[in-house]
Amino acid sequence: MLPKAYDPQGTEDRIYSMWEESGAFTPSTESDKETFTISMPPPNATGQLHLGHAVMLALEDIFIRYERMKGKEALWVPGTDHAAIATENVVIARLQKEGMAHPREELGREELLKRIAAFVETSRDTIRSQVRKMGSSCDWSREAYTMDPTLNRCVNEVFVQMYNDGLIYRGNRIVNWDPNLQTNVSDDEVEHVNRKDPFYWFQYGPFQIGTVRPETKFGDKYVVMHPDDERYREYKHGDTFECEWINGPITATVIKDAAVDPAFGSGCMTITPWHDHTDFEIAQRHKLDYGQIIDFEGKLLSVAGEEFAGLPIEEARPKVLEKLEKKGLVVRVEDNYEHAVAINSRGKGKIEPQVRLQWFIDVNKKVVPWGGKRFGVLSPKKMSLKEVMQTVVNTGDIKIIPEKFNKIYFHWIDNLRDWCISRQIWWGHRVPVFYCTKCGDSSSPESGQYVSVQLLPTCPHCGEFVEQDSDTLDTWFSSALWTWSTLVDKSLTEDYSLSLKDILEKSPDYQRFHPTQVMETGYDILFFWVARMILMTTYATGNIPFETVYLHGLIRTREGKKMSKSDPETCIDPLEIIPKYGADALRLSMILGQSPGNDSRLYDEKIAGYRNFINKLWNASRFVFMQCEEAKVDLHTIAISYQLSADSSLADRALLSALQDLIRDVTEGMEAYRLSDVGERLYSFTWDYFCDWYLELSKGDANPAVLVHALRTLLLLLHPYCPFVTEALWEHCKPQEAPMLLTMPWPEVDAKLHDQEAFNQLQVVIDVISSIRVMRAEQDLEPAKKVNVVIHSKHGSLLENEREHIIRLARLENLTIDGNPQQHENAASTFLQGTEVHMPLEGLVDKEKVRAKLIKEQASLSQFLTGIQAKLNNKTFLSSAPAEVVQGEQEKLTSTQEKLAKIQERLQSLA
RNA sequence: GGGUGGUUAGCUCAGUUGGUCUAGAGCGUCUGGUUUACACCCAGAAGGUCACUGGUUCGACUCCAGUACCACCCACCA
């Protein structure tokens with residue numbers, strides 16, 4: 001016999017190995033079944049499983065398991081990410097801990113990359129096993145990695161193609177430079193944090209200028225103001241003047257530009273184009289000179305003068321201030337000026353804008369012949385990458401769930417600037433561009449510059465050795481190819497005679513499983529990743545990467561804060577939860593009661609609640625097994641399908657009918673991606689209907705065949721949500737020949753078992769019992785006092801042959817019915833004739849209460865009726881509404897009239 | 001500054017095109033209970049003018065407008 005409580009720890013690992021070894025996670029490329037594909041957002045190869053992964057894995061596993069059971073060839077491609085900056089930093093930090101002061105310099109590029117790759121290899125098993133702990137039914141035989149050679153080939157192919165299309169260009173632009181990590185980061189990776197700092201006002205010739213960063217002001221020789229600012233009308237654009245500044249007198253020029261807000265402070269400012277985005281743009285507009293003030297480590301350059309050169313900016317600030325103070329140029333200082341400081345979201349280092357030579361993707365150039373979601377449909381009208389991104393969502397080729405993210409997505413695209421794709425770190429896909437110093441010509445920046453998919457050892461022009469660009473690509477560049485690069489045939493990527501198009505056409509997995517159906521991920525990487533996948537995949541393959549984007553919300557602490565490892569008090573670690581409550585309980589607690597795209601909170605009691613549910617299911621199954629044992633029925637020989645027989649009781653027929661409704665609702669809900677609704681429907685059906693009513697009614701009168709059939713159906717329906725416990729129970733009750741639960745076909749509605757009448761009748765019984773319970777709780781019953789009880793059911797009346805049922809239920813409720821059996825018979829017959837029953841029970845129900853309820857119902861119904869009547873008399877409605885709507889209203893009208901008549905009757909009988 | 005959401009029981013949240021919802025669930029609280037699975041249980045109770053103000057409608061938690069507060073995202077205000 002099974003133990004009283006379900007033990008996840010002793011079950012889950014065994015079940016997972018069983019699944020994995022069976023090969024059921026690996027779909028066939030051969031079959032002609034419809035496919036369903038999900039690409040798993042790859043966790044960091046060196047990372048640890050956190051709740052963000054857990055919720056992603058749970059949702060995707062539900063999708064995949066459902067579709068697999070629906071008979072589709074379901075492929076879930078797992079993988080890991082090389083996480084460029086994060087991984088390189090971890091390895092460097094480790095080396096430094098081991099005593100190596102400057103790992104980059106000491107090891108050199110080749111050796112450091114080897115060390116990083118080795119580190120990834122040794123630590124990747126951790127995340128792999130943690131993904132398994134969640135029950136993820138992904139195809140490990142197709143596991144991918146963003147630094148695979150295959151992916152590198154794809155990256156290079158796309159880069160070269162974009163370069164040749166003029167979509168990738170190199171330019172001196174202002175970038176978000178992180179002096180700590182010695183690299184630039186994309187706009188999306190910059191966070192803005194509000195901070196309070198002193199704000200200084202300086203005299204700059206005849207003007208007053210304000211700044212929080214006096215240390216950047218050495219090279220400022222332009223003063224800018226709004227062209228319409230009346231205060232400065234006397235100054236003309238291009239006027240020059242002499243003025244005293246930090247390191248002596250300078251010549252300054254007046255510039256008029258609309259970027260200046262006249263309402264802010266004095267309405268004029270000086271600019272530092274090399275270290276500020278706005279200033280850079282102003283300088284570009286007016287073709288102004290600009291120079292670097294701060295070096296890439298964050299120290300002042302020689303332009304600051306001997307006194308300050310080489311000083312880190314934090315140290316320089318007070319000294320610059322002191323000097324200006326002495327010169328009498330400080331007008332005033334405002335304390336606590338609130339402004340935003342740019343921070344690198346990876347590593348949290350401060351961003352110092354710098355001008356650097358970088359690679360960019362042009363999002364506005366119209367060169368993409370996008371013609372729809374299928375490959376090969378080319379449009380004569382060329383679009384820009386931006387426009388393609390907009391088009392695929394606009395036309396519905398890609399659907400975003402929840403819908404509200406459409407707006408956010410479009411808004412982001414509207415403000416999208418060219419994407420800076422080069423990074424100054426070593427770990428990543430190296431920019432496939434090669435430079436020949438001999439052929440290079442300073443007057444033409446592109447001379448001596450070659451793009452190449454393959455490593456280019458010598459210059460194709462002069463035969464000299466060439467040097468590869470030292471930068472690597474933004475990690476999102478390679479991630480953006482994820483849905484299809486993981487399906488490319490590895491052997492083909494070694495053949496350099498093939499084009500990317502050839503490779504795709506010859507890759508069986510790509511042909512069969514792409515585009516993918518669902519991209520499920522957190523809304524926080526909609527821009528980083530989802531949008532970039534759309535951009536790159538439509539361009540590179542002529543195909544959309546996925547049909548539906550399902551965005552989940554963030555999991556927060558009980559207090560609503562973001563989970564962070566630094567706060568172990570409130571941070572929930574899935575790896576601690578799984579042994580304690582089981583992966584199934586964790587999955588349910590993250591999915592039920594949540595809506596997509598909204599953040600949710602997770603805490604211990606919530607998970608415990610779902611653990612209780614899992615245990616409830618376990619015990620309900622035990623009960624079923626015990627009933628079978630008692631009846632000496634071998635449950636493995638019971639057929640999977642059930643057919644009604646003459647001796648099927650009301651309870652049986654009602655349950656079977658409710659089960660059909662359940663199958664229908666769950667299936668419809670799954671198709672519409674309403675995961676929370678479906679989960680809650682299953683939860684309440686299992687607990688509130690199956691356990692609380694059907695199993696209770698079975699006591700003393702069990703029908704093993706129905707019990708087993710219902711239990712099996714529930715296990716099938718629940719399997720995507722809680723795969724471990726359902727599979728474990730399935731082992732105990734499956735038909736002999738049936739396979740594992742995960743490969744069982746999804747249950748279908750059996751119309752023959754649908755019996756609404758039986759369901760309604762049982763509902764009457766349930767109402768009766770409930771009323772009696774309420775009555776007993778409400779009233780202090782004096783055993784000696786016998787009174788008539790009126791019970792009302794809103795569900796109609798019982799059939800004659802269900803008399804037995806009532807009697808049995810009354811016994812179940814321990815109701816001491818008056819000793820006179822005839823009287824009880826009478827009560828039951830009364831019940832049969834109407835919807836009220838007079839039973840000589842030990843209680844009393846207030847007739848007035850019932851009356852009040854009925855009157856209220858009557859009032860609301862008649863109002864409803866007036867409404868419909870008005871609608872049906874409205875000519876505009878009749879002419880504009882579709883025929884089926886009008887008919888629906890008519891049906892409502894008749895049914896409401898019938899209901900009103902019934903209420904009338906009841907009221908009369910009460911009087 | 002721009003945008004997007006939220007405001008429903010003590011707490012955490014559902015509520016799919018406006019009407020069979022007399023607004024639900026879980027947790028918590030209270031009362032009673034060891035009845036042929038389950039105390040990780042059973043039966044029941046209390047608890048909500050669905051943020052506020054108007055509007056549309058026969059009818060609004062649901063649609064519209066405005067207000068307040070909260071959250072998040074984006075942004076070059078020195």
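What's counted below: heavy atoms across the whole structure, side chains too, no hydrogens, waters or symmetry copies. The chains referred to below are lettered A, B, ... by the order of the sequence lines, with proteins before strands, and numbering in each begins at 1.
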Using atom [atom1] of each nucleotide, how far apart are [N] and [M] to the nearest Å?
| N | M | atom1 | answer |
| --- | --- | --- | --- |
| U8(B) | C73(B) | C1' | 26 Å |
| U34(B) | A23(B) | C1' | 36 Å |
| C58(B) | C11(B) | C1' | 39 Å |
| G32(B) | C13(B) | C1' | 29 Å |
| G54(B) | C70(B) | C1' | 23 Å |
| A51(B) | U7(B) | C1' | 6 Å |
| A14(B) | G66(B) | P | 25 Å |
| C63(B) | G19(B) | P | 11 Å |

Strictly below 4.0 Å: does [X] bring a side-chain N or O up to OP1 or OP2 of [N]?
| X | N | value |
| --- | --- | --- |
| R674(A) | U16(B) | no |
| N598(A) | G6(B) | no |
| W412(A) | G3(B) | no |
| R601(A) | C13(B) | yes |
| R417(A) | C76(B) | yes |
| T278(A) | A78(B) | no |
| Y523(A) | G5(B) | no |

Parallel, tilted or perpendicular: which one describes the rings of [X] and [Y], with boundaries at 30° and 60°?
| X | Y | answer |
| --- | --- | --- |
| Y694(A) | F690(A) | parallel |
| Y204(A) | W245(A) | perpendicular |
| Y689(A) | F685(A) | tilted |
| Y683(A) | F613(A) | parallel |
| Y523(A) | F405(A) | parallel |

Practice task
Give a yes or no on whether the ring-centroid distance for H411(A) and Y409(A) is below 6.0 angstrom.
Solution key: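 Ring centroids of H411(A) and Y409(A) are no less than 6.0 Å from each other.
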Problem - Ring centre gap for F207(A) and Y232(A) strictly below 6.0 Å - result: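 Aromatic pair counts; centres sit under 6.0 Å.
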For atom [atom1] of [X] and atom [atom2] of [N], their distance in whole Å:
| X | N | atom1 | atom2 | result |
| --- | --- | --- | --- | --- |
| L526(A) | C72(B) | CG | P | 18 Å |
| D261(A) | A75(B) | CG | P | 19 Å |
| Y683(A) | G24(B) | OH | P | 18 Å |
| N415(A) | C74(B) | CG | P | 11 Å |
| E605(A) | C13(B) | CD | P | 13 Å |
| R681(A) | A14(B) | CZ | C1' | 15 Å |
| L588(A) | A25(B) | CG | P | 19 Å |
| I282(A) | C77(B) | CD1 | P | 12 Å |

Watson-Crick/G-U partner (both atom distances under 3.5 Å) of [N]:
| N | answer |
| --- | --- |
| U56(B) | none |
| C50(B) | none |
| G18(B) | none |
| A71(B) | U4(B) |
| U31(B) | A43(B) |
| A25(B) | U12(B) |

Touch class at under 4.0 angstrom, heavy-atom based, for [X] against every strand present:
| X | result |
| --- | --- |
| W687(A) | sugar-phosphate |
| V224(A) | nothing |
| S684(A) | nothing |
| Y337(A) | sugar-phosphate |
| Q594(A) | nothing |

Exercise for the section: Specify the residue among I408(A) and A608(A) whose closest nucleotide of RNA chain B lies further upstream toward the 5′ end. Expected result: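 With I408(A) and A608(A) compared, the 5'-side residue is I408(A).
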Taking donor-acceptor contacts at under 3.5 Å, does the side chain of [X] reach the base of [N]?
| X | N | value |
| --- | --- | --- |
| K4(A) | C38(B) | no |
| R611(A) | C40(B) | yes |
| E696(A) | A43(B) | no |

Handout entry: Y200(A): which of V320(A), V330(A), L321(A), L324(A) passes side-chain contact (heavy atoms from CB on, under 4.5 Å)
Key =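 Among the candidates, only L321(A) passes.
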